[in-house]
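Structure first, then comments.
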Amino acid sequence: MSHTEVIQATPAARESVVETVVSAFAADPAFRYFFPDEATFIDQAAAFAGYLFDQRVHRGTVWVVENGAAVAMWDGPRTSDGNAANGHEQITLDLPKPSLERLDRYGAVVYAALPPRPHWYLGVLATHPGYAGRGWGRLAMTAGLDLAAAAGLPAYLETTKERNIELYRKAGWHVTESTVVDGLQIWVMRHG
């Protein structure tokens, strides 16, 4: 059996990470809320996944397993000058206005549910469906959890899939809040 490692992503991993995120989130309630048109879903979801990757890779907060078959995209705590590495930012993408508005509403609701004190935020955790069940998602997630623990800070995430709650609980997370945006249920969870 070979040893699987988690490594910090470089820009070269972008294509495989985008493919993993789009494949993993094809039936995700949040992604379907953001991009409800089946005809344009893949292109819009790929643009968004690429945007999320680009926002984090140069901060050194994207970790991958097996060349992007699993990925964890994290935001670190707020910087000392008050800029929020994990704050709600207006998304600037070439997407239809309704999708941008849904992304902004969702982001504002999630950001409001997160604590104002410093924390790490797991924005994306995805495993390509072809590699599910191998524990690679949990492995990718550990790099950010380790940094948060070393800093004595909690970590947060949100999920819109109720069945994910138990998976996250097994990894040490617990629900801190439940909220709704446009009828979409969101659970905010904390680790540490």
Q: Assess whether atom CD of Glu166 is packed by more than 12 heavy atoms of other residues, nucleotides or ligands within 6.0 Å.
A: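 Counting neighbours around CD of Glu166, more than 12 heavy atoms of other residues, nucleotides or ligands fall under 6.0 Å, so yes.
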Q.
Counting only heavy atoms from other residues, nucleotides and ligands, does the tally under 6.0 Å from CD of Glu15 exceed 12?
A.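 No.
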Q: Could you tell me whether the side chain of Asp75 reaches within less than 4.5 Å of the side chain of Arg59, counting heavy atoms only?
A: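 They are in contact (side-chain heavy atoms under 4.5 Å apart), so the answer is yes.
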Q. With a 4.5 Å heavy-atom cut-off, do Leu95 and Leu103 have their side chains touching?
A.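 Leu95 vs Leu103: side chains touch.
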(Q) Checking Asp94 now: which residues fulfil side-chain hydrogen bond (donor to acceptor under 3.5 Å, both in side chains) with it, not counting sequence neighbours? (A)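 If we apply the side-chain hydrogen bond (donor to acceptor under 3.5 Å, both in side chains) test to Asp94, skipping adjacent residues, there are no hits.
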Q.
Run the side-chain hydrogen bond (donor to acceptor under 3.5 Å, both in side chains) test against Asp54 and tell me which residues pass, sequence neighbours left out.
A.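 Once residues adjacent in sequence are excluded, the partners of Asp54 under the side-chain hydrogen bond (donor to acceptor under 3.5 Å, both in side chains) criterion are Arg14.
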Q | Inter- and intrachain pairs under ring-ring contact (aromatic ring centres under 6.0 Å, His included), touching residues 6-27, at least two apart | A |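 Listed once each, the pairs are Phe25-Phe31.
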Please report, to 0.1 Å, the donor-acceptor pairs under 3.5 Å made by any side chain of residues 168-181, with sequence neighbours excluded.
unit_1: His174; atom_1: ND1; unit_2: Arg190; atom_2: O; d: 3.3
unit_1: Thr176; atom_1: OG1; unit_2: Val188; atom_2: O; d: 3.3
unit_1: Ser178; atom_1: OG; unit_2: Gln185; atom_2: NE2; d: 2.2

Q: Going by the ring-ring contact (aromatic ring centres under 6.0 Å, His included) test, name the single residue among Phe48, Tyr51, Phe41 that passes it with Phe34.
A: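 It is Phe48; the other options fail the test.
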With a cut-off of 3.5 Å and sequence neighbours excluded, list every side-chain donor-acceptor pair involving residues 131-149.
unit_1: Thr142; atom_1: OG1; unit_2: Leu139; atom_2: O; d: 2.6

Q: Any pair with a residue in residues 36-53 that passes salt bridge (Lys or Arg N to Asp or Glu O under 4.0 Å), sequence neighbours left out, goes on the list, sorted by first then second residue, please.
A: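 Qualifying pairs, neighbours excluded: Arg32-Glu38.
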Q | Linked, directly or transitively: Ile42 and Val71 (ILVMFWY side chains, under 4.5 Å) | A |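 Same hydrophobic cluster.
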